[in-house]
Amino acid sequence: EMFRRGELDIMNVRKPEVWETGLELPEVHRGYIDKYSLEANYACPPYGLYLNCSDKLLKNPDIRRGLAHSVNMGLVIDTLFRGNMRRLGSYMEGYGDLTLPLKAPEYSKKKAMEYFARAGYREMGTDGVLKNERGERLVVELTFADSSTLMTNVCSILRQEALKCGVDLRLDSLTYSVCSRKVFEKRYQAALWAWPLQTPFPRLYETFSSELAYDARGNPVGNTNNIMAVSDAGLDAALDAERNAPDIGSLKLALHRAQQRLHELCVWIPGWRELHAYRLLALDTLAGISHPVLFPQNLQSAGVAPVLGG
């Protein structure tokens, strides 16, 4: 309302529901207010499901791959985000040609159940959850921070869709601090998680090196960035090549190898990224603005391209 009264010159709108339906205002339709979408062309936090490979169940790659096909992230993007997000493929998107183009696993009951059958979960229970020959149900706990209603709704959709694939995805809603402690101490199974990546180059070694996953006795090491407890010789070789790359060409090859191996290991189920760095409302009389604002010409140098008209 302050913006509509002219007390603000510019306003950033981040919520998809507001941008899509909350701006059906006379001032917009009459041209007094302009809408600007500024595309994001930089490294983004890799939202998704992080899987704890030290967990008894999730150390089995067939369980992880089956779970990847049980996650209907497309439905989340289309409904809750109203198409204003894009599905990630690679863990490190937004680094130009350093990013390896990868496709996220599709939501598929058939493929999910094939992988679960390989892991021994073949019998469907009366409750719609798969069981192994010992009668153990296929249950995975999904930990997340209840910092917003949106994240709770995201996890609720994922749970409902996973059940159609025979998985009981139990939601573990925690405060942010408790959630973070549980994740870094590797006491979780799966977590809806994201954190910022370094620029201008990613540092995958700090997140995926084996030496940050287990101690000499094979016990998981807590409070390291390798929260997924990944330990793989092929990945370690690529990470060592990344750290010691003498030039950009060698770095590119090493990072492509690392991304491909992470994709094969399926320790991270791709989530989403924002399509836009900013979505702005601005008064049509921009030439008379007296307040300093962040606007397209200031953002282009940061790799952000303006798209006019929403």
Side-chain angles (χ1 to χ4, degrees), residues 46-81 83 85-93 99-144 154-171 188-193 208 228-230 232 234-235 256 258-273:
Y47 278 95
L49 266 60
Y50 290 59
L51 307 181
N52 184 357
C53 298
S54 67
D55 178 76
K56 180 180 179 181
L57 178 66
L58 293 176
K59 66 173 55 177
N60 187 326
D62 286 324
I63 292 293
R64 300 198 301 269
R65 292 172 185 136
L67 190 60
H69 287 292
S70 304
V71 172
N72 196 347
M73 204 65 73
L75 183 62
V76 169
I77 292 172
D78 292 340
T79 56
L80 288 182
F81 295 130
M85 302 291 179
R86 179 172 61 79
R87 184 83 192 269
L88 288 169
S90 170
Y91 180 82
M92 42 160 285
E93 288 207 9
T99 297
L100 180 66
L102 293 169
K103 185 178 180 180
E106 64 176 325
Y107 176 71
S108 170
K109 178 179 179 180
K110 180 177 182 294
K111 291 183 179 180
M113 296 189 71
E114 286 176 355
Y115 280 115
F116 292 144
R118 293 182 193 178
Y121 289 85
R122 301 181 178 88
E123 182 184 350
M124 183 67 74
T126 56
D127 57 356
V129 178
L130 289 166
K131 298 187 294 184
N132 61 18
E133 59 184 9
R134 296 184 296 276
E136 297 169 336
R137 300 168 72 249
L138 183 54
V139 180
V140 176
E141 183 181 74
L142 176 58
T143 298
F144 67 99
V154 167
C155 292
S156 295
I157 289 179
L158 296 182
R159 184 181 191 280
Q160 294 167 9
E161 294 298 297
L163 186 59
K164 298 176 183 178
C165 299
V167 186
D168 183 1
L169 200 60
R170 294 186 176 175
L171 304 188
Y188 74 102
Q189 283 190 294
L192 180 63
W193 187 264
F208 298 105
M228 292 167 276
V230 183
D232 178 77
L235 180 58
H256 281 196
Q259 291 170 81
Q260 182 62 45
R261 188 56 184 152
L262 286 171
H263 183 73
E264 294 166 354
L265 292 171
C266 196
V267 297
W268 170 77
I269 302 175
W272 63 85
R273 71 162 295 165

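We use all heavy atoms of the structure for the numbers below, so side chains are in, but hydrogens, waters and symmetry mates are not. The first residue of the sequence shown is numbered 1, and numbering continues consecutively from there.
- Classified by interplanar angle (parallel below 30°, tilted 30° to 60°, perpendicular above 60°), the ring pair W193/Y50 is perpendicular.
- Judged by distance alone, the side chain of S90 and the main-chain N or O of P101 form no donor-acceptor pair under 3.5 Å.
- Remark: of the listed residues V71, L138, V140, V140 is the sole one forming a side chain to side chain contact (heavy atoms under 4.5 Å, CB included) with L169.
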Test side-chain contact (heavy atoms from CB on, under 4.5 Å) applied to Y107 and E161, step by step: CA-CA 9 Å; Y107 176 71; E161 294 298 297; 3.4 Å; yes
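- To the nearest 0.5 Å, atoms CZ (R65) and CD1 (I63) are separated by 11.5 Å.
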Test log, rule side-chain contact (heavy atoms from CB on, under 4.5 Å), inputs C155 and L192: CA-CA 8 Å; C155 292; L192 180 63; 3.7 Å; yes
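- Judged as a side-chain contact (heavy atoms from CB on, under 4.5 Å), and not counting sequence neighbours, the contacts of R137 are D127, V129, K131, V139, D168, R170.
- Proximity of P105 to P270: side-chain heavy atoms (C-beta onward) are separated by under 4.5 Å at one or more points.
- Here D62 contributes atom CG and L67 contributes atom CG; the two are 12.5 Å apart, rounded to the nearest 0.5 Å.
- No option in L235, V230, N52 other than V230 meets the side chain to side chain contact (heavy atoms under 4.5 Å, CB included) test with V267.
- A 4.5 Å side-chain heavy-atom check between M73 and L88 finds every atom pair outside the cut-off.
- Taking CG of L102 as the start and NE2 of H256 as the end, the distance is 9.0 Å to the nearest 0.5 Å.
- Contact check for R273 versus E93: side-chain heavy atoms found under the 4.5 Å cut-off.
- Remark: of the listed residues E264, H263, Q259, E264 is the sole one forming a side-chain hydrogen bond (donor to acceptor under 3.5 Å, both in side chains) with R261.
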F144/L171 under side-chain contact (heavy atoms from CB on, under 4.5 Å): CA gap, chis, key distance, verdict: CA-CA 8 Å; F144 67 99; L171 304 188; 4.0 Å; yes
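- In this structure, the ring of F208 has its center less than 6.0 angstrom from the ring center of Y91.
- Here the straight-line distance linking atom CD of Q189 with atom CG of L57 works out to 6.0 Å at 0.5 Å rounding.
- From C53, atom SG reaches atom CG of L265 across 7.5 Å, with rounding to the nearest 0.5 Å.
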Intermediate values then yes/no, side-chain contact (heavy atoms from CB on, under 4.5 Å), V154 and L80: CA-CA 7 Å; V154 167; L80 288 182; 3.7 Å; yes
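- Take K109 and apply the salt bridge (charged side-chain N to carboxylate O under 4.0 Å, His left out) test, not counting sequence neighbours, and it matches no residue.
- Side chain of R86 to main chain of W272: no donor-acceptor pair is present (N/O by atom type, distance under 3.5 Å, no hydrogens or angles).
- I157 is not listed as a side-chain neighbour of N72, based on a closest heavy-atom distance of 4.5 Å or more.
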Could you list the donor-acceptor pairs under 3.5 angstrom formed between side-chain atoms of residues 112-126 and any protein atom two or more places apart in sequence or on another chain?
from	atom 1	to	atom 2	distance (Å)
E114	OE2	K110	NZ	2.8
R122	NE	A117	O	3.4
R122	NH2	A117	O	3.1

